[in-house]
Number of protein chains: 2
Amino acid sequence: MTVTPPARSPRRRVPRNTLNPDRILGAAVALLDRRGTEALTMRALAQELGVGTMAVYSHFKGKDEIIDAVNERLIGEIELPSGSGAPREQLIELCLGVYRLFSEHPSALQLLTSRPLRGDEAVAVIDRMLCLLIEAGLEPSAAVRAQVALMQYTIGASLWAVRRRRAECGEAEAGLQERIRRRLADLPPDSYPSLAGLAPELVTAQQSGRAQYEAGLAALLDGLLRT
Amino acid sequence: MTVTPPARSPRRRVPRNTLNPDRILGAAVALLDRRGTEALTMRALAQELGVGTMAVYSHFKGKDEIIDAVNERLIGEIELPSGSGAPREQLIELCLGVYRLFSEHPSALQLLTSRPLRGDEAVAVIDRMLCLLIEAGLEPSAAVRAQVALMQYTIGASLWAVRRRRAECGEAEAGLQERIRRRLADLPPDSYPSLAGLAPELVTAQQSGRAQYEAGLAALLDGLLRT
DNA sequence: ACCTGAACACCGTTCAAGT
DNA sequence: ACCTGAACACCGTTCAAGT
């Protein structure tokens with residue numbers, strides 16, 4: 001007597017060519033934005049696409065290749081400055097574009113974090129920054145140092161903002177403020193009495209991601225471009 | 001007839017109290033430095049300690065708690081500046097301490113990346129930076145903004161250096177240089193002819209992690225401290 | 001209190017097979 | 001060529017049990 005299998009999956013075999021790299025990357029980004037890095041799973045990705053787990057492997061060699069492609073696609077979305085305006089303004093515009101991208105896709109930044117930057121899209125952004133820095137009057141070698149510094153600061157600020165937002169979810173805002181205040185109150189009050197009153201400002205600075213980034217970027221550009 | 005079990009584990013039951021949080025964290029850091037984030041596994045950690053997998057759970061609630069504790073321990077290792085010297089020099093000394101820590105423990109930085117900063121040790125570093133910035137003449141609110149910017153830049157630079165080193169392992173250096181050169185050569189040669197010759201300098205800047213960091217830090221401090 | 005192995009619900013990926 | 005499920009070697013963690 002033959003036993004009928006549990007037939008647990010009501011999903012029918014999907015028509016051919018329903019899948020392509022673009023659809024897969026779209027689903028990956030959606031998953032990342034909606035549920036975070038830990039939710040980006042080959043099984044979850046396939047389910048999001050309504051397809052068997054292994055179908056994805058026909059288009060990408062594995063999870064690492066998908067992650068690289070996601071990063072490349074997102075970096076490609078950064079809009080290069082229009083070209084009008086002073087070099088300094090265009091630099092700010094471009095850096096803000098990078099910052100905004102990572103703020104909108106925090107999980108992508110987290111993924112980028114563990115992998116080298118492979119793609120040509122990233123090189124396009126770097127090129128543009130270099131051009132603008134040279135246009136602003138820097139010598140080639142100084143421009144290269146400045147470009148790296150701008151990217152480093154932008155990535156660090158994005159990461160900080162992402163982590164900050166994540167912390168807010170976990171810990172009540174009052175909790176953080178209280179901890180900082182307590183810590184500051186422990187300082188010898190005769191040396192820096194002003195510090196004890198700084199907790200609100202600290203919390204504010206950590207909250208205002210974008211304004212904080214713009215202030216730091218302005219300072220960095222001041223230091224880099226000053227002749 | 002009783003079947004003797006395969007007896008696959010020659011490890012004897014370990015004496016009591018061989019384990020404590022400190023030993024566990026030491027093993028975790030060793031594992032991280034030696035084999036990277038992906039190798040930090042509850043099973044691997046227990047093996048490193050010569051103990052059954054579940055023994056660790058008597059001292060930490062789970063992997064997340066261990067990661068937080070590792071971060072806290074490492075941040076505690078940052079040496080605060082001695083206190084002599086101009087505020088600006090002390091700021092550089094302190095920031096370099098943070099940078100050095102993350103350069104020596106790249107995996108720790110990667111772990112820190114996905115989690116909010118919880119520990120008191122981090123607050124100690126932040127405190128010191130704030131004191132020095134106020135000592136350097138900044139108003140409290142400006143000091144707070146500057147402190148966040150310094151941390152953001154330092155984290156970004158560390159991350160960049162870590163990723164750079166990882167990329168070197170994967171990709172031949174010549175490969176990267178060639179890709180950048182090709183990309184730069186594609187630019188319209190009449191607009192920025194100097195860019196095509198910049199590839200060597202780009203590669204150099206990416207390689208010299210610490211010197212690059214110091215240059216960027218100096219520029220940022222110039223911008224932040226200028227009255 | 002501290003340490004143990006077995007078991008559970010996951011994960012990425014290999015494989016042989018279907019269409 | 002493209003999609004499939006079963007199977008393999010992992011993972012963190014729960015659990016009941018030993019000492």
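Chain A is the first sequence line, chain B the second, and so forth, proteins listed ahead of strands; every chain is numbered from 1.
Shown here are the side-chain contact (heavy atoms from CB on, under 4.5 Å) partners of A:Ser58, two or more places apart in sequence or in another chain: there are none. In this structure, the side chain to side chain donor-acceptor pair (under 3.5 Å) partners of B:Thr37, at least two apart in sequence or on a different chain, are B:Gln110. Legend: residues meeting side chain to side chain donor-acceptor pair (under 3.5 Å) with B:Asn20, ordered by chain and number and at least two apart, are absent.
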Inset, instruction - Evaluate side chain to side chain contact (heavy atoms under 4.5 Å, CB included) for A:Ile155 paired with B:Arg163, printing each intermediate quantity in order. - result: CA-CA 12 Å; A:Ile155 286 180; B:Arg163 234 174 34 195; 4.0 Å; yes
Legend entry - Under 4.0 Å protein heavy-atom contact, by nucleotide of nucleotides 12-19 of chain D - B base, S sugar-phosphate only: BBBB--BB
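Look at A:His59 and you'll find a side-chain N or O under 4.0 angstrom from OP1 or OP2 of D:dC3.
One N or O on the side chain of B:Gln90 and one on the backbone of B:Gly83 form a donor-acceptor pair closer than 3.5 Å. Within the 3.5 Å criterion, the main-chain N or O of A:Ala28 finds no donor-acceptor partner in the side chain of A:Glu48. The backbone N or O of B:Arg145 lies less than 3.5 Å from a partner atom in the side chain of A:Gln212, making a donor-acceptor pair.
B:Leu217 has its side chain within reach of B:Leu150: a pair of non-hydrogen atoms, C-beta onward, lies under 4.5 Å apart.
Donor-acceptor pairing under 3.5 Å is lacking for the side chains of A:Tyr213 and A:Ser158.
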Legend entry - Structure string for DNA chain C in dot-bracket form, Watson-Crick and G-U at under 3.5 Å, | interchain: ||.|||||...|||||.||
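Between the CD atom of B:Gln47 and the P atom of C:dC3 there is a distance of 17 Å, rounded to whole Å. For B:Phe60 and C:dC3, the CZ to P distance is 12 Å, given to the nearest whole Å. Here the C1' atom of nucleotide C:dC2 and the CG atom of B:Leu49 are 14 Å apart, to the nearest Å.
Only at 4.0 angstrom or more do the heavy atoms of residues 18-37 of chain A sit from any atom of DNA chain C, so none qualifies.
Checked for salt-bridge contact, A:Glu214 and A:Arg210 meet the test: a charged N lies under 4.0 Å from a carboxylate O.
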